[in-house]
Amino acid sequence: MAPGPLSRPTASSDSPTASRDLHSAQLQTRSPNSLFVMLVFVDRIRAALTEATGLPSDQIRVEQPRDAALGDFAFPCFPLAKVKRAAPPAIAAELAGELNANLPGIEAVATGPYINFRVDRTLLATTVVESILDQDSAFGTSQEGAGKTIVIDFSSPNIAKPMHVGHLRSTIIGASIQRMHDALGYKTVGVNHIGDWGSQFGKLCAAIARWGDELDLDNDPIPALLALYVRYHEEEEADPSLADEARAAFRELESGAEGKIRDTWKRLTELSLRELNKIYERLGVSFDLIRGESFYESMLDQTVERIESTGITSISEGALVVDLSEFDKKLPPCLLRKTDGTTLYATRDFAAVFHRWEEFAFERCLYVVAAQQKLHFRQMKIVLERMQLDWVERVEHIDFGMLRLGEGKMSTREGKIVFLEELLDRAVSEARTIVSEKNPDLAKSADVAEIVGIGAVIFHDLKKERIKDVVFDWNEVLSFEGETGPYVQYTHARLASILRKAEALGEGGAEADYSRLDEAAPILLALGRFPDVIRSAAQHCEPSEIAQYLLSLCRETSSWYSRERVLGQEPSLTAARLSLVRCAKLVIGKGLQLLGVVAPDEM
RNA sequence: GCGCCCGUAGCUCAGCUGGAUAGAGCACCGGAUUUCUAAUCCGGAAGUCACAGGUUCGAGUCCUGUCGGGCGCGCCA
């Protein structure tokens, strides 16, 4: 491809989309009373501390001890040292006694300058397990976002180009952010702002006008289009008249005139969308709206007029711009119209954001777009600010790091590229090999291989903080051991297997004795944190928080079930452990679903 | 040149609004399977948290500077 940019340049050098159904059997957002389990304990501790210290409860920070052996929660006494004019360890020792009297079921122990709290194991197990079983699939969800709308612009590839690994990030991250907000009761609108407009399509239409007869667009059209695009670029260098032709074609397109150019463009869009959807389907991604830049075509004039009417525009070197240098000397101007009168990326983004505001009155409008475009969004926000729109703050660029293939940027032209389809195919094929090795008798092994292969790819992309750059490495993506998606899926499958066996053996009917789950305290504490994790991840738009949480939960769980046997114990013990298994499976499954990874019951 | 982002074990990464001896995975060494999937678990070895200052009772975490890497800087998207 061309050296050119993508619609929303992905984390590489090009860009495209997906959705949330397959996977998202959307979180049901019920249970308005859904208690944040750990909050039950933390609130009590905080209240007791308020009582004992006189500090306002919002100033009391209850944290987790470094070492879990110390306790479940901790309160550092340093801030009290000044007020009380005593050494922190002395304060801790003094407070511990008082706290113990006021916190039935929670033990307070002074350790140096800290007070560590340990919840009674039976109380912990009962509270967490019952809370989860009670809320079932609604566990972790809430209604805190009810009545608020979040618009999420993600994936947004350019049409007429193949999707490559660089397009994965926006798609996967955006879809996950949408699911997290769904879980919190927000109304979410996932928008695929596909790149179906701009001078590049002038080029493509001109190319088709010249050589289109040689094309077979019905079968596998994208590579053919790509070749055409590249050819146009090459010949353009020798013959500058091609550039004029392309410009003329885009001008005609943007004029709205019906005719050959417009027909060609329509056909391109349809063909491309069909291809894109194949990938989205495999990734389990869907959109509420597929609105390309062309959707805003009819609004461009009024958009420019609207900005002009606020008096902040000017003409610079023949182009219509908003000068930003008085705001920040370092900032280049924002271009709204080229010398030839046509619009730019920014113009269309303004049209889109105005339209979205009018349609949705969003709480937040998130742009899941590569960090490379920081300047673009910064300029956009400053223009909105200068227009004195009071909703500027709701517009946020959710940026993420670039994906590179070893040296330098990806370049379709130079063949330095990994196509998305190839990546998915290889991952699935690798999964197929491993499935047949590890579990030759598995019934639906082909389905499982698809789930595991794709799961590995998605999880790999989401486990790191999104701002970090990624150097693409086949060995890393195709790894199914250690901190990977398949590891989490495997943990889920084994828990499912235990439940299946219990069912078959008719075990678990007895009344559970939760006092027997003390060995599982780390798991219970982790399970109880889940609702908080979702909330935090959504607020930060950071799927890696969920991925990291799942890894640590799975570590605890795997370690536990390698030590403790569930089936065939005393009935009350088996029942208690089965309940724990049920809870862990539920949370792991739900966490994976938020990431867009399918949780298999067997693999 | 200017601006933004990143810099934690050999490699890839965690480390919540600054808090108690910096945690995982991979790779390496050594163990665990007549019982719920060994895609697993347990143990060992491995770090001057890029460097230098500063703020603080306390800094991997905040501030400044330096170095290294990435990205961006008007008629592309």
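Reminder, nothing fancy here: chain letters follow the sequence lines and each chain counts from 1.
- Below 30°, between 30° and 60°, or above 60°: for A:Phe377 and A:Tyr367 the angle between ring planes is between 30° and 60°, a tilted geometry.
- When each of A:Gly198 and A:Leu335 is assigned the nucleotide of RNA chain B with its nearest heavy atom, A:Leu335 is the one assigned upstream, toward the 5' end.
- Heavy atoms of A:Pro65 sit under 4.0 angstrom from at least one base atom.
- Figure legend: cation-pi geometry between A:Arg291 and A:Phe295, with NZ or CZ positioned under 6.0 Å from the six-membered ring centre and within 45° of its axis.
- Residues A:Asp399 and A:Arg247 both approach RNA chain B. Their nearest nucleotides, taken by heavy-atom distance, put A:Asp399 toward the 5′ side.
- For B:U17, there is no paired nucleotide, since no Watson-Crick or G-U wobble pair has both relevant distances below 3.5 Å.
- When ring centroids are compared, A:Tyr549 and A:Phe530 come within the 6.0 Å threshold.
- Heavy atoms of A:Ala502 sit nowhere under 4.0 angstrom from any nucleic acid atom.
- Set against B:U37, B:U21, B:C36, the side chain of A:Arg565 has B:C36 as its closest nucleotide.
- At the heavy-atom level, A:Ala81 lies nowhere under 4.0 Å from the strands shown.
- Contact annotation: side chain of A:Asn475 to base of B:A27, donor-acceptor pair absent below 3.5 Å.
- Using a 4.0 Å heavy-atom criterion, one finds that A:Arg563 contacts no nucleic acid atom at all.
- Among the nucleotides B:A39, B:C36, B:G74, the one closest to the side chain of A:Val566 is B:C36.
- At B:G15, none of the side-chain N or O atoms of A:Tyr549 fall inside 4.0 Å of OP1 or OP2 (strictly under the cut-off).
- As judged by a 4.0 angstrom heavy-atom cut-off over every strand, A:Val435 is placed among the base-contacting residues.
- Of the candidate nucleotides B:C71, B:C36, B:U12, B:U12 has the atom lying nearest to any side-chain atom of A:Glu476.
- Residue-level contact check: A:Leu567 touches the bases, meaning some heavy atom is under 4.0 Å from a base atom.
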